[in-house]
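Here's the structure we're looking at; comments come further down.
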Amino acid sequence: MASLLFSVSLMVSALVFGLVDSQIISVTNGEVEGEWGTMDTCPGGSRAVYYATRNDPNQGTDFTSLNAIQLTCDNGGGSIITSTEGLVGQLGPGRGCAAGAFLSAFQLKVQPNGVDADNTAANSIRFRCTDGVELASAGNQIGVFGDYSADCVNGICGIQTRVKPDDPATDNTALNDVRFECCV
């Protein structure tokens with residue numbers, strides 16, 4: 001019990017004194033199928049300023065909807081970061097923050113599991129920039145947007161996705177959830 005109290009006290013102290021290396025933001029309406037990929041981060045202290053998504057526009061019998069999210073960082077080379085990706089669909093037109101602003105919060109549009117015979121999980125995403133401007137979603141129309149995540153005051157620097165691998169024997173959903181790492 002004493003070691004648990006010490007661990008909690010140490011974590012609280014780290015938060016109070018700003019010693020935590022990163023903060024992860026997430027939403028409560030993500031789905032749970034699949035595995036979390038690795039966290040991919042912007043290089044050299046850069047931040048995400050632009051995003052694009054790969055969507056499955058097919059309204060067929062096993063529709064996957066949102067398959068991938070790519071972020072572009074504000075480093076000199078405009079590095080693109082992503083985590084695990086579903087393989088279906090085309091990368092659509094992206095959206096970006098105004099000069100000097102960064103991606104800072106997000107909403108996920110989700111069709112909850114069991115609502116339809118063809119579950120699609122995450123269908124779209126939209127972001128808010130550090131200047132308060134909301135970037136319109138670029139995904140499919142199925143599902144409902146949940147609440148916004150917390151804000152990354154200094155912008156978003158990393159992305160991690162939960163993707164269900166393609167399996168012809170099951171209902172494919174591809175991207176189920178996403179979380180982002182805040183810049184410190």
Side-chain angles (χ1 to χ4, degrees), residues 22-43 47-73 78-96 103-128 135-150 152 155-183:
S22 66
Q23 175 190 2
I24 304 297
I25 59 170
S26 60
V27 291
T28 58
N29 66 326
E31 281 295 312
V32 299
E33 292 186 309
E35 300 294 324
W36 285 104
T38 58
M39 177 72 71
D40 194 8
T41 57
C42 290
R47 296 172 273 195
V49 294
Y50 184 90
Y51 84 100
T53 60
R54 180 182 302 129
N55 297 287
D56 177 7
N58 179 7
Q59 299 292 326
T61 57
D62 194 9
F63 177 50
T64 58
S65 201
L66 186 58
N67 274 254
I69 303 165
Q70 293 183 348
L71 303 182
T72 302
C73 305
S79 295
I80 294 175
I81 61 172
T82 189
S83 185
T84 304
E85 300 182 62
L87 305 175
V88 180
Q90 300 296 319
L91 192 62
R95 291 167 171 72
L103 299 178
S104 65
F106 75 103
Q107 279 183 304
L108 197 59
K109 182 182 258 188
V110 174
Q111 176 199 32
N113 194 357
V115 169
D116 196 356
D118 182 22
N119 296 316
T120 55
N123 282 267
S124 187
I125 190 168
R126 62 181 166 209
F127 287 89
R128 186 168 52 223
L135 303 176
S137 67
N140 298 317
Q141 300 307 312
I142 298 169
V144 176
F145 275 108
D147 293 331
Y148 259 101
S149 68
C152 290
I156 290 172
C157 292
I159 180 172
Q160 183 178 32
T161 56
R162 175 181 276 193
V163 174
K164 181 180 177 187
D166 187 33
D167 179 358
T170 66
D171 182 25
N172 290 310
T173 57
L175 201 145
N176 272 247
D177 201 358
V178 61
R179 50 191 175 201
F180 297 96
E181 182 176 3
C182 296
C183 307

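Position 1 is the first residue of the sequence, and the numbers go up from there.
- A donor-acceptor contact shorter than 3.5 Å is absent between the side chain of Ser104 and the backbone of Gly155.
- Here Tyr148 pairs with nothing under the ring-ring contact (aromatic ring centres under 6.0 Å, His included) rule; sequence neighbours left out.
- With rounding to the nearest 0.5 Å, the separation of CG in Asp56 from CG in Asn123 is 10.0 Å.
- At distances below 3.5 Å, at least one donor-acceptor pair connects side-chain atoms of Asn176 with backbone N or O atoms of Glu33.
- Closest approach of Ile159 and Ser83 over heavy atoms only: O-CB, 3.8 Å.
- Taking OG1 of Thr161 as the reference point, atom CH2 of Trp36 lies at 7.5 Å (rounded to 0.5 Å).
- Residues Leu66 and Asn55 are in side-chain contact: their nearest non-hydrogen atoms beyond the backbone lie under 4.5 Å apart.
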Evaluation steps, ring-ring contact (aromatic ring centres under 6.0 Å, His included), between Phe180 and Phe127: CA-CA 11 Å; Phe180 297 96; Phe127 287 89; 5.4 Å; yes
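- Heavy-atom minimum distance, Gly143 versus Lys109: C-CG, 3.7 Å.
- Using a 4.5 Å heavy-atom cutoff, the side chains of Glu31 and Val110 are in contact.
- Minimum heavy-atom separation, Leu108 to Asp177: CD2-OD1, 3.9 Å.
- Contact detail for Gly86 and Ala174: the closest heavy-atom pair is CA-CB, 4.5 Å.
- Taking Arg128 as the reference, Asp151 meet the salt bridge (Lys or Arg N to Asp or Glu O under 4.0 Å) condition, with sequence neighbours excluded.
- Nearest heavy-atom pair across Arg179 and Ser26 is CB-CB, 4.1 Å.
- Side-chain contact between Leu103 and Leu135 is present, with at least one heavy-atom pair separated by less than 4.5 Å.
- No side-chain heavy atom of Ile24 sits under 4.5 Å from any side-chain heavy atom of Gln160.
- Ile25 and Ala105 get closest at one heavy-atom pair: CD1-CA, 4.3 Å.
- With values rounded to the nearest 0.5 angstrom, Arg162 atom CZ is found 10.5 Å from Leu175 atom CG.
- Atom OH in Tyr50 sits 8.5 Å away from atom CZ in Arg95 (nearest 0.5 Å).
- A donor-acceptor pair under 3.5 Å links the side-chain atoms of Ser149 to the main chain of Phe106, judged by distance alone.
- Taking CD of Glu181 as the reference point, atom CG of Asp40 lies at 10.5 Å (rounded to 0.5 Å).
- Sulfur-to-sulfur, Cys157 and Cys182 sit at least 2.5 Å apart at their SG atoms.
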Criterion disulfide (SG to SG under 2.5 Å) on Cys183 and Cys42, from CA distance to verdict: CA-CA 9 Å; Cys183 307; Cys42 290; over 6 Å; no
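- Rounding to the nearest 0.5 Å gives a distance of 14.0 Å between CG of Leu71 and CZ of Arg47.
- Among residue pairs with one or both ends in residues 83-94, those qualifying as salt bridge (Lys or Arg N to Asp or Glu O under 4.0 Å) are Arg54-Glu85; sequence neighbours excluded.
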